[in-house]
Asks: 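Sharing a structure below in structure tokens format, with a few things to ask.
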Amino acid sequence: MTYCLALKLNEGLVCLSDTRTNAGVDNISKYKKMFTWEVQGERVITMVTAGNLAITQAVMSLLQENIDNPESGIETLFTASSMFHMAEIVGDAMRVVQGRYGPGLSSMGESAMSSIILAGHRAGGTPRLFHIYSAGNFIEATDDTPYFQIGDHKYGKPILDRVIGPDTSLETGITAALLSMDSTLRSNLSVGMPLDLAVMPSHSVCFSQLRRIEENDPKFLELSEAWSAALRNAFGEMVKIRV
């Protein structure tokens, strides 16, 4: 299991992912689920993944292989003329990998279901956010739905619903994303540290933050405890209803 989220705000894009995979209570591992590419001043791209790990790793490897060894007539993440075309490229890669491995997984009773969030900004364009499904089709974030979640998202959704809108500041968006993850970490053992964070501001085509947050990170621990204290205080001030 996993939890990844991405926000599309007027001030920029925020992506956050955990690193835990779980094939049973006695088989827990760490795998990176965030992948990034940057051509300074020209394009910046982040993807986070969930679902069958072999499928998503194969998709990422295929995308990278096409960048490293470009073939005539094959468009890559580095040659695509827009973020929409990048979403099409990722969707095409998903279909190729699903067609190659999906039937074999299904015959063994294993799920090949996977999903990818693509976030990025290309010079001359605007930051855009897409959710790509197992079939290779995708949807784009809008002002009505300015964020996407994949994996086990139920614990982290309430704060995003209450806080996140297009006009939310980038700083507030980062805080909301971290608290959404913190809520999931506390309620689901199949989601775990460390975390990977990527922030892409609208005013420049680059990462303003690209870092790993370890389990003992003092700022994250401080934020988590402050949120817990605020919730306890708010609960204590609620009007008591006698049954």
Side-chain angles (χ1 to χ4, degrees), residues 1-9 12-19 21 31-39 43-67 74-103 105-106 110-122 125-154 156-157 160 164 177 180 191 196-200 207:
M1 188 52 72
T2 189
Y3 178 45
C4 304
L5 69 150
L7 315 177
K8 180 182 178 294
L9 312 173
L13 301 162
V14 179
C15 298
L16 184 67
S17 67
D18 82 317
T19 53
T21 62
Y31 281 95
K32 185 176 182 179
K33 303 166 192 174
M34 177 180 288
F35 302 84
T36 60
W37 295 263
E38 181 177 9
V39 179
R43 66 187 65 205
V44 60
I45 306 161
T46 300
M47 291 189 221
V48 291
T49 65
N52 186 292
L53 184 62
I55 293 292
T56 56
Q57 283 192 346
V59 172
M60 294 301 115
S61 294
L62 178 57
L63 293 169
Q64 188 62 53
E65 180 73 15
N66 288 337
I67 291 172
I74 297 181
E75 198 169 30
T76 75
L77 296 177
F78 282 8
T79 63
S81 59
S82 69
M83 288 303 304
F84 177 80
H85 288 151
M86 290 187 207
E88 290 186 313
I89 290 168
V90 177
D92 288 344
M94 177 72 86
R95 279 189 288 272
V96 168
V97 172
Q98 289 284 359
R100 185 175 300 161
Y101 301 114
L105 287 168
S106 295
E110 298 289 339
S111 174
M113 295 295 290
S114 307
S115 54
I116 297 170
I117 295 176
L118 164 68
H121 187 190
R122 184 183 175 277
T126 59
R128 299 175 74 174
L129 180 65
F130 298 88
H131 183 176
I132 296 117
Y133 299 97
S134 288
N137 57 324
F138 55 85
I139 60 173
E140 183 172 5
T142 65
D143 285 350
D144 292 326
T145 307
Y147 70 85
F148 289 136
Q149 302 168 282
I150 54 178
D152 195 354
H153 56 75
K154 56 183 177 292
K157 192 173 188 296
L160 300 180
I164 298 302
S180 175
V191 177
D196 288 317
L197 172 68
V199 181
M200 296 160 279
F207 291 106

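Only heavy atoms go into these numbers, but all of them, side chains included; no hydrogens, no water, no symmetry mates. Keep in mind it's a predicted model, so treat the numbers as computed, not measured.
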Asks: Would you indicate whether the side-chain heavy atoms of Met200 and Val14 approach each other to under 4.5 Å?
Replies: no
Asks: Nearest 0.5 Å, what's the CD-CD distance between Glu88 and Glu75?
Replies: 8.0 Å
Asks: Just by distance, do the side chain of Thr145 and the backbone of Thr142 share a donor-acceptor pair under 3.5 Å?
Replies: no
Asks: Looking only at non-hydrogen atoms, find the nearest pair between His131 and Ser115 and report the distance.
Replies: NE2-CB, 3.6 Å
Asks: Is the closest side-chain heavy-atom distance between Ile67 and Trp37 below 4.5 Å?
Replies: yes
Asks: With a 4.5 Å limit on heavy-atom distance, are the side chains of Leu160 and Leu5 in contact?
Replies: yes
Asks: Under a 4.5 Å cut-off applied to non-hydrogen side-chain atoms, are Ile45 and Val39 in contact?
Replies: no
Asks: Taking all non-hydrogen atoms of both residues, which atom of Thr46 and which atom of Ala198 are closest, and how far apart?
Replies: OG1-CB, 3.8 Å
Asks: Check the pair Thr2, Lys33 against side chain to side chain donor-acceptor pair (under 3.5 Å), reporting the backbone distance first and the verdict last.
Replies: CA-CA 9 Å; Thr2 189; Lys33 303 166 192 174; 2.7 Å; yes
Asks: Quick one: are Tyr101 and Ile55 in side-chain contact, heavy atoms under 4.5 Å?
Replies: yes
Asks: In Å and rounded to the nearest 0.5 Å, what is the CG to OG1 distance from Leu62 to Thr76?
Replies: 11.5 Å
Asks: Got Thr126 and Arg128 here, is their nearest side-chain heavy-atom distance under 4.5 Å?
Replies: yes
Asks: Between the side chain of Arg122 and the main-chain N/O of Met83, is any donor-acceptor distance below 3.5 Å?
Replies: no
Asks: What pair of heavy atoms forms the shortest contact from Gln149 to Lys157, and how long is it?
Replies: OE1-CG, 3.4 Å
Asks: Determine the minimum heavy-atom distance between Ser180 and Gly156, stating which atoms define it.
Replies: OG-O, 2.6 Å
Asks: So which heavy atom on Thr49 is nearest to which on Ile150, and how close?
Replies: C-CD1, 3.7 Å
Asks: Might you point out which heavy atoms bring Ala80 and Met86 nearest each other, and give the distance in Å?
Replies: CB-CG, 3.6 Å
Asks: Given 3.5 Å as the limit, does a donor-acceptor pair link the side chain of Ser114 with the main chain of Ala112, or not?
Replies: yes
Asks: For Tyr3, is there any backbone N or O sitting under 3.5 Å from a side-chain donor or acceptor partner on Asp152?
Replies: no
Asks: Starting from the C-alpha separation in whole Å, work towards a yes-or-no answer on salt bridge (charged side-chain N to carboxylate O under 4.0 Å, His left out) for Arg43 and Glu38.
Replies: CA-CA 6 Å; Arg43 66 187 65 205; Glu38 181 177 9; over 6 Å; no
Asks: Evaluate Met60 against Met47 for side chain to side chain contact (heavy atoms under 4.5 Å, CB included), listing each step before the verdict.
Replies: CA-CA 9 Å; Met60 294 301 115; Met47 291 189 221; 3.7 Å; yes
Asks: Does the separation of the ring centres of Phe84 and Phe138 fall below 6.0 angstrom?
Replies: yes
Asks: Please examine the side chains of Phe148 and Leu129, heavy atoms only from C-beta on, and report whether any two atoms are closer than 4.5 Å.
Replies: yes
